[in-house]
Amino acid sequence: MLRSQRLLLRPAQSADVAPLATILAEPKVAQFWQDFDAERVRKELVAPDPEDSLTVLIIEHEGAVIGAIQFEENDDPQYRQAGIDLFIGSHFHGRGLGREAIAAVVDHLFGVRGHHRITIDPAAHNLRAIHAYERVG
């Protein structure tokens, strides 16, 4: 569990399937996170394969689920890198909440997990995501 000034980032629970599926169905989110129905949300975000190196954290703001952020780690001592990705409901776009979630996870990955490189891969036309990542540095 991670906290920032306005957000709680916590492990997913079965009750998160419905709100995440609703967010992922929003046109502004679905264009970048395609084909997510409740079953795919459950399988990939709420209960991912424990053998995967993927960690999914639910993003809460003022007690409401507003999205999710995930990171995948390469623990090889020679590389120690991680990749991150996130989505936030369109109602919460433009408030700096994505940047805040990214910063909290990046701080955790560098400061606690010991990574020295973070990889991102937003779509080239996802200017909102690119801007959020740039603001974190």
Side-chain angles (χ1 to χ4, degrees):
M1 189 171 336
L2 303 173
R3 290 189 183 275
S4 66
Q5 183 178 357
R6 300 177 292 168
L7 303 174
L8 171 65
L9 308 179
R10 60 162 178 80
Q13 305 167 0
S14 59
D16 298 321
V17 172
L20 291 177
T22 298
I23 293 167
L24 287 161
E26 295 175 8
K28 289 183 180 179
V29 179
Q31 67 179 320
F32 301 110
W33 291 73
Q34 298 172 351
D35 303 322
F36 273 88
D37 59 10
E39 185 54 36
R40 185 172 176 202
V41 168
R42 182 181 337 289
K43 182 179 177 183
E44 294 184 22
L45 301 175
V46 173
D49 186 337
E51 297 296 317
D52 289 344
S53 59
L54 184 68
T55 300
V56 178
L57 297 173
I58 301 305
I59 304 170
E60 281 190 13
H61 174 61
E62 297 178 348
V65 173
I66 67 164
I69 188 165
Q70 61 187 23
F71 58 91
E72 189 167 18
E73 300 180 87
N74 180 341
D75 291 333
D76 184 317
Q78 186 174 358
Y79 299 106
R80 295 298 302 155
Q81 67 183 20
I84 60 175
D85 203 358
L86 82 154
F87 63 87
I88 291 180
S90 58
H91 180 69
F92 296 95
H93 290 178
R95 299 184 189 186
L97 297 170
R99 182 211 44 82
E100 190 171 321
I102 294 165
V105 169
V106 167
D107 288 348
H108 174 74
L109 291 170
F110 283 144
V112 176
R113 302 291 295 161
H115 294 289
H116 64 266
R117 179 174 46 206
I118 306 293
T119 303
I120 59 169
D121 66 346
H125 63 283
N126 189 348
L127 300 180
R128 183 178 303 282
I130 292 167
H131 182 67
Y133 287 119
E134 286 175 340
R135 291 191 66 206
V136 173

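All values reported here derive from a predicted model rather than from experimental measurement.
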What pairs with [X] under side-chain contact (heavy atoms from CB on, under 4.5 Å), at least two apart in sequence or on another chain?
X: H125; value: F32, A123
X: R10; value: M1, L8, Q13, D16, I58, E60, V65
X: H91; value: R95

Q.
Tell me every residue that passes side chain to side chain donor-acceptor pair (under 3.5 Å) with R3, counting only those two or more places apart in sequence or in another chain.
A. none

Q: Only counting residues at least two apart or in another chain, list the ones meeting side chain to side chain donor-acceptor pair (under 3.5 Å) with T55.
A: none

Q.
Using modelled atom types and a 3.5 Å cut-off, is there a donor and acceptor pairing between side-chain atoms of Q81 and backbone atoms of T119?
A. no

Q | Transitive ILVMFWY cluster of I59, excluding itself - 4.5 Å side-chain cut-off | A | L2, L7, L9, L57, I66, I69, F71, I84, L86, I88, F92, L97, I102, V105, V106, L109, F110, I118, I120, Y133, V136

(Q) Side-chain heavy atoms under 4.5 Å apart, restricted to Ile/Leu/Val/Met/Phe/Trp/Tyr: what other residues fall into the cluster of L127, or is it alone? (A) I130

Q) What are the two closest non-hydrogen atoms of P122 and A129, and how far apart are they? A) CB-CB, 4.0 Å

Q.
Looking at every non-hydrogen atom in both residues, tell me the closest pair between A68 and V56 and how far apart they are.
A. CB-CG1, 4.3 Å

**Q.** Pairwise salt bridge (Lys or Arg N to Asp or Glu O under 4.0 Å) hits with a residue in residues 117-137, at least two apart
**A.** none

Q: Just grab all the salt bridge (Lys or Arg N to Asp or Glu O under 4.0 Å) pairs involving residues 62-74, residues at least two apart or on different chains.
A: E73-R113

Q | side chain to side chain donor-acceptor pair (under 3.5 Å) contacts touching residues 18-35 (sequence neighbours left out) | A | E26-S90

**Q.** Residues which pass salt bridge (Lys or Arg N to Asp or Glu O under 4.0 Å) with E39, listed by chain and number, not counting sequence neighbours
**A.** R42

Q.
As an exercise, state the distance from OG of S4 to NE2 of H108, rounded to the nearest 0.5 Å.
A. 14.0 Å

